[in-house]
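Quick caveat, the model's predicted, so the values are computed rather than measured. Chain naming here is simple, since letters A, B, ... match the order of the sequence lines and numbering starts at 1 in each. Computed over heavy atoms, backbone and side chain alike; hydrogens, waters and symmetry mates excluded.
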Amino acid sequence: MIAAIPRGRVSSYGEVADRVGLPRRARLVARVLRETPDEAALPWFRVLRADGRIAFPPGSRGFREQVRRLAAEGVLVQGGRVDLARHGWERDLDGFLWGPAAFEPPGASKARKRAAARR
DNA sequence: AGAGTGACTGCAG
DNA sequence: ACTGCAGCCACTC
C-alpha cells in the first residue's frame, strides 16, 4: 500500500491502515515502517501523521532525512508539516481545481482568488 | 494478569 | 493554531 503512494503525494498512517482494510491500526503501520529495512526501498517518507506533520521529533535525523526526500520530489515541508490539501493522496485540491499546474509560490492561490473576486 | 510504550488519532479547551 | 488527554492496538517485560 505504501509503495502505491504516487510521487509528489503523501498519505497518513491511518489512511494506509484504512486502505488495507485495517481501520484503527495506524500504530501498526508505524511499527511496520520502523521494522522495515531500508533495502526494501519503500517510500516511507510519504507517510505522515493525520494532520500532515512529520512523525519524527523535529530536528532529529529521521526528520531531516524525510524533509530532504520530500523536497526532492516537490513536496514542501514548512514548520514540520505538509499541506495535505495540496499533496494529500486523492485530495489534490489544486490539481482538481486548476489542473496539473504544479507548484506555485506561497500566496499565489489567495492572490488568484482576490483577482477572481474583482471580476 | 497488569503496566508500560509508541514513525497514531480525534476532540476538548 | 497549539496543547492536552483519553482512546487505541500490538507488543514487551
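For the P atom pair drawn from C:dC8 and B:dA12, the interatomic distance equals 15 Å after rounding to whole Å. Comparing B:dA7 with C:dC13, their C1' atoms are spaced 22 Å from each other, to the whole Å.
A:Ile2 has its side chain within reach of A:Pro43: a pair of non-hydrogen atoms, C-beta onward, lies under 4.5 Å apart.
Using a 4.0 Å cutoff to heavy atoms of chain A, the contacted part of DNA chain B runs 5' to 3' from B:dG6 to B:dG10.
The backbone N or O of A:Ala17 sits nowhere less than 3.5 Å from a side-chain atom of A:Arg19 that would complete a donor-acceptor pair.
Summarising the geometry, the separation between CZ on A:Arg25 and C1' on C:dG7 is reported as 14 Å, rounded to the nearest angstrom. Atoms CZ (A:Arg53) and C1' (C:dA1) sit 11 Å apart, rounded to a whole Å.
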| request: Dump the intermediate steps for side-chain contact (heavy atoms from CB on, under 4.5 Å) on A:Trp89 and A:Val10, then the final yes or no. | output: CA-CA 6 Å; A:Trp89 197 4; A:Val10 297; over 6 Å; no
| task | Begin from the C-alpha positions of A:Asp51 and A:Arg49 and carry the test salt bridge (charged side-chain N to carboxylate O under 4.0 Å, His left out) through to its verdict. | result | CA-CA 5 Å; A:Asp51 59 4; A:Arg49 283 189 185 151; 5.9 Å; no
| Verdict with reasoning, A:Arg69 to A:Glu65, per salt bridge (charged side-chain N to carboxylate O under 4.0 Å, His left out) | CA-CA 6 Å; A:Arg69 292 191 180 230; A:Glu65 176 68 3; 2.8 Å; yes
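Using a 4.0 Å cut-off, some side-chain N or O of A:Arg24 falls inside it from OP1 or OP2 of C:dC9.
Residue-level contact check: A:Arg34 touches the bases, meaning some heavy atom is under 4.0 Å from a base atom. Heavy atoms of A:Arg81 sit under 4.0 angstrom from primed sugar atoms or phosphate atoms, though from no base atom.
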